Amino acid sequence: MNEQELVVQALLPVLKDHLDAAAIAKLIEVPKTSDLGDYAFPTFTLAKIFRQAPQQIAADLAPKINADNFEKVQAVGPYINFFLDKAQFSHQLLQTILQQAEHYGDANLGQQGQVPIDMSSPNIAKPISMGHLRSTVIGNSLANILTKVGYKPVKINHLGDWGTQFGKLIVGYKKWGSEAAVKADPITNLLKYYVKFHQEDQAHPELDDEARDWFVKLEAGDDEAIKLWTWFRKVSLQEFMKIYDMLDIQFDSYKGEAFYNDKMAEVVQMLEDKKLLKKSQGAEIVDLSAYNLNPALIKKSDGATLYITRDLAAAIYRKRTYHFVQSLYVVGNEQRDHFKQLKAVLKEMGFDWADDIHHIPFGLITENGKKLSTRQGRVILLENVLNDAVDLAHKQIDAKNPDLANKDQVANDVGIGAVVFHDLKNERLNNFDFNLEDVVRFEGETGPYVQYTNARAQSILRKAGVDLKQQTDYTLADRSAWDVLKQLAEFPDMIIRASKEYEPSVIAKYALRLAKNFNKYYANTKVLVADAEKPARLAMVASVSQVLTQSLALLGVHAPKEM
RNA sequence: GUCUCGAUAGCUCAGCUGGAUAGAGCAACGGUCUUCUAAACCGUGGGCCGUGGGUUCGAAUCCCACUCGAGGCACCA
């Protein structure tokens with residue numbers, strides 16, 4: 001029986017004439033601070049029935065409640081506060097966590113259903129920016145969280161490896177580039193050509209015609225065009241892999257836009273068969289006015305297909321391939337309408353699984369309040385940010401723990417952990433203005449703070465020299481440990497909530513709160529003192545480390561044992 | 001113009017399904033390393049929760065209007 005149920009059962013006998021168990025459960029709340037108890041029952045709603053002041057009702061009812069299962073039951077103002085039995089609670093909780101270890105908090109909401117996650121998806125020949133980082137780390141964390149609750153995620157890197165920009169790129173390369181330069185530093189130089197193209201085409205509009213011609217050649221399978229495209233794609237992907245390795249993120253599929261080139265004709269045919277296509281201003285559209293949306297542009301007036309056509313093909317391909325129970329797209333909030341359109345067209349096509357498609361939007365990263373633009377060369381390169389963070393972590397280690405073993409590994413874990421955690425700690429939809437100092441901060445509400453807390457816990461366990469598995473009694477009635485214990489018990493609920501809201505920040509916030517409570521605890525309480533509760537204290541330290549490590553892992557952040 | 005998202009301390013943000021004095025971190029100031037790593041802990045100051053209405057016993061939280069900011073609004077993705 002969970003703790004809240006105990007409270008309901010205690011209240012039921014004195015309230016059964018007025019409220020049933022479900023109604024009582026709905027009213028129960030958790031007080032802000034634990035000196036007001038662990039659960040509280042507000043008496044406001046009873047005021048009308050009893051025609052008495054809520055304070056009076058609370059004072060009258062409290063003594064009538066059977067408090068056997070509690071430390072105490074007490075009326076405070078208009079509330080009846082319940083205090084849990086700390087000894088019993090701590091014993092059960094710590095035993096559970098130590099037994100279940102990394103499986104503590106597992107759930108089976110997903111029943112092994114597959115969930116493709118469209119994430120990261122950088123564009124070939126362009127650098128991975130801070131914006132891609134968001135999609136990448138949010139997608140990766142959601143994959144971890146969904147796995148924890150019983151789904152089978154499929155991480156798909158839907159590479160931007162097709163489109164008119166390749167025409168521009170080929171023109172730029174042929175005019176200003178060289179094989180040697182691309183080989184030496186592929187992305188930097190390819191980006192240079194692309195940016196230069198957009199500068200030059202202001203004054204020389206004929207460049208746009210050349211670019212269009214090259215893209216037409218590419219689509220037609222022209223040897224030179226294909227050769228260049230294949231080469232650009234290969235060297236770009238190699239560069240991307242460096243970053244994914246740094247982040248320790250792996251994908252299950254790299255099927256990008258080009259993969260769907262030969263799958264769009266079928267989609268167009270299906271739309272025609274279902275009589276959904278209409279001519280409008282020379283283009284083929286699906287009218288979505290019934291959904292209060294702009295029409296979906298399936299074919300341009302020149303006959304070429306568009307973004308949404310490709311995404312329709314991809315959605316259908318994923319349904320056929322993975323038989324998904326949900327299909328997620330971790331893509332910026334500015335594409336909200338696009339995904340509404342995508343779902344609407346699929347609905348019109350008669351696919352009821354359109355409802356299982358979820359756009360997971362996230363806020364924009366700006367610099368000085370302005371949107372970044374690759375075309376203008378205004379980008380924040382993720383690789384630089386990660387390298388800066390790792391360098392800074394190195395300096396910290398040299399200053400604070402110069403004798404540490406595995407310095408390089410720890411510097412990586414900490415530096416990259418800081419960047420990833422910073423991205424995940426706030427609600428997805430918040431915009432954030434990029435500020436390097438903020439991103440690589442190691443103090444306060446940061447990833448390294450959580451990592452450090454865990455390292456300290458590990459340090460205590462190393463020095464304890466006790467085998468926790470030999471132990472049977474985990475009773476810890478110490479008041480100062482109470483907030484930590486209660487919070488450890490919340491972990492499973494946090495995972496469920498994060499999975500339902502597709503919100504990694506729930507886990508990040510939880511980890512910060514747990515770290516803070518634990519820091520406070522061990523700053524004031526000596527763990528390694530030989531007394532009756534020492535084994536239980538160590539069990540709690542081990543549990544905290546277990547849960548912090550798990551939380552960080554769900555976010556895709558490593559937890560070094562020393563730092 | 002229209003739709004979406006947002007507005008809480010100097011800055012960055014929490015505040016779960018409305019409930020007990022609105023909380024953190026950073027920044028500022030002041031304490032704590034012969035004792036489990038000071039990437040930590042403790043303390044001080046700082047807020048008509050954008051504005052105006054409404055619903056409710058009770059609103060930062062729900063509803064309406066307005067102001068301001070960001071983003072989207074068919075032949076880019």
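Nothing here was measured: the structure is a model prediction, and the numbers come from that model.
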_A quick test of your reading: do over 12 heavy atoms of other residues, nucleotides or ligands sit less than 6.0 Å from NZ of A:K520?_
no
*Any N or O donor-acceptor pair linking the side chain of A:T164 to the base of B:rC76 at under 3.5 Å?*
no
*Rounded distance in Å - CD (A:Q335) to P (B:rG72)*: 10 Å
*Nearest listed nucleotide, side chain of A:K516, among B:rC57, B:rC13, B:rG25*: B:rG25
*Contact class for A:A40 vs. all strands (heavy atom < 4.0 Å): base, sugar-phosphate, or nothing?*
base
*Sticking with atom P, work out how far B:rG58 lies from B:rC48, rounded to a whole angstrom.*
24 Å
*Mind checking who B:rC68 pairs with, Watson-Crick or G-U wobble, both distances under 3.5 Å?*
B:rG6
*With a 4.0 Å cut-off on heavy atoms, is A:L306 in touch with a base, just the backbone sugar-phosphate, or nothing at all?*
sugar-phosphate
_Non-hydrogen side-chain atoms of A:V216 and A:E219 separated by less than 4.5 Å_ = no
*Classify the nucleic acid contact of A:E427 as base, sugar-phosphate or nothing, counting any heavy atom under 4.0 Å across all strands shown.*
sugar-phosphate
*What's the spacing between A:I128 CD1 and A:S120 OG if we round to 0.5 Å?*
5.5 Å
*Rounded to whole angstrom units, what separation is found between the CZ atom of A:R441 and the P atom of B:rC13?*
13 Å
*To the nearest angstrom, how far is A:E445 atom CD from B:rA14 atom C1'?*
8 Å
_Donor-acceptor pair, side chain of A:S551 and main chain of A:I507, under 3.5 angstrom_ = no
*NA contact type, A:R310, heavy-atom cut-off 4.0 Å: base, sugar-phosphate, or nothing?*
nothing
*Is the count of non-hydrogen atoms from other residues, nucleotides or ligands lying under 6.0 Å from A:N524 atom CG greater than 12?*
yes
*Given that both distances must come in under 3.5 Å, which nucleotide forms a Watson-Crick or G-U wobble pair with B:rA28?*
B:rU44
*What's the CD1-P distance between A:I360 and B:rC5, to the nearest Å?*
15 Å
*May I ask you to say what A:V506 touches in the nucleic acid, namely base, sugar-phosphate or nothing, with a heavy-atom cut-off under 4.0 Å?*
nothing
*In whole angstrom, give the distance that lies between atom CG of A:N406 and atom P of B:rU37.*
18 Å
*asked:* At 4.0 Å (heavy atoms only), tell me whether A:R456 reaches a base, stays on the sugar-phosphate, or touches nothing.
replied: base
_I need the NE2-P distance between A:H338 and B:rA77, as an integer number of Å._
10 Å
_Side-chain N,O (A:Y449) to OP1/OP2 (B:rC41) below 4.0 Å_ = yes
*Any side-chain donor-acceptor pair under 3.5 Å between A:Q409 and A:D413?*
yes
*Which nucleotide, in any strand shown, forms a Watson-Crick or G-U wobble pair with B:rC73, with both distances under 3.5 Å?*
B:rG1
*How would you label the contact of A:V414 with the nucleic acid (heavy atoms, under 4.0 Å): base, sugar-phosphate, or nothing?*
base
*With a 4.0 Å cut-off on heavy atoms, is A:F44 in touch with a base, just the backbone sugar-phosphate, or nothing at all?*
base
*Syn or anti for B:rC26, please, going by whether the chi angle lies within 90° of 0.*
anti
*Check whether any side-chain N or O of A:K526 sits under 4.0 Å from OP1 or OP2 of B:rC36, and answer yes or no.*
no
*When we call it a touch if two heavy atoms are under 4.0 Å apart, what does A:N430 touch: a base, just sugar-phosphate, or nothing?*
sugar-phosphate
*Nearest to the side chain of A:M563, which nucleotide is it out of B:rA22, B:rA39, B:rC41?*
B:rA39
*Classify the nucleic acid contact of A:T43 as base, sugar-phosphate or nothing, counting any heavy atom under 4.0 Å across all strands shown.*
nothing
*asked:* Base, sugar-phosphate or nothing for A:L364? Non-hydrogen atoms, less than 4.0 Å.
replied: sugar-phosphate
*Please indicate whether A:R51 has more than 12 foreign heavy atoms, meaning atoms of other residues, nucleotides or ligands, lying under 6.0 Å from its CZ.*
no
*Complement of B:rU34, any strand, by Watson-Crick or G-U distances under 3.5 angstrom*: none
*Check if the side chain of A:N81 and the base of B:rA20 share a donor-acceptor pair of N or O atoms closer than 3.5 Å.*
yes
_Taking only side-chain N and O atoms of A:S459, does any of them lie within less than 4.0 angstrom of OP1 or OP2 on B:rU37?_
yes
*asked:* Tell me whether the side-chain N/O atoms of A:Y452 come closer than 4.0 Å to OP1 or OP2 in B:rA39.
replied: yes
*asked:* Under 4.0 Å, counting only non-hydrogen atoms across every strand here, what does A:K463 touch: a base, just sugar-phosphate, or nothing?
replied: sugar-phosphate
*Can a side chain N or O of A:K300 be found less than 4.0 Å away from OP1 or OP2 on B:rC76?*
yes
*Return the nucleotide paired to B:rU56: Watson-Crick means purine N1 to pyrimidine N3 with N6-O4 or O6-N4, wobble means G-U with N1-O2 and O6-N3, both under 3.5 Å.*
none
*RNA chain B: 5'-proximal contact among A:H422 and A:W162 (nearest heavy atom)*: A:H422
*When you match A:L27 and A:L528 each to their closest nucleotide on RNA chain B, which lands nearer the 5' end?*
A:L27
*Starting from the C-alpha separation in whole Å, work towards a yes-or-no answer on ring-ring contact (aromatic ring centres under 6.0 Å, His included) for A:F41 and A:F82.*
CA-CA 8 Å; A:F41 181 80; A:F82 293 79; 7.9 Å; no
*For A:K520, answer base if it contacts any base atom (sugar-phosphate contacts may also be present), sugar-phosphate if it contacts only those atoms, and nothing otherwise; contact means non-hydrogen atoms under 4.0 Å.*
sugar-phosphate
*For A:S280, report the nucleic acid contact type (base, sugar-phosphate, nothing); a contact means any heavy atom under 4.0 Å.*
base
*Rounding to a whole Å, what distance do you find between A:F434:CZ and B:rA70:P?*
21 Å
*What is the distance from CG of A:L36 to P of B:rA20, rounded to the nearest Å?*
10 Å
*asked:* Using the P atom as the point on both nucleotides, what is the distance between B:rC62 and B:rC26, in whole Å?
replied: 30 Å
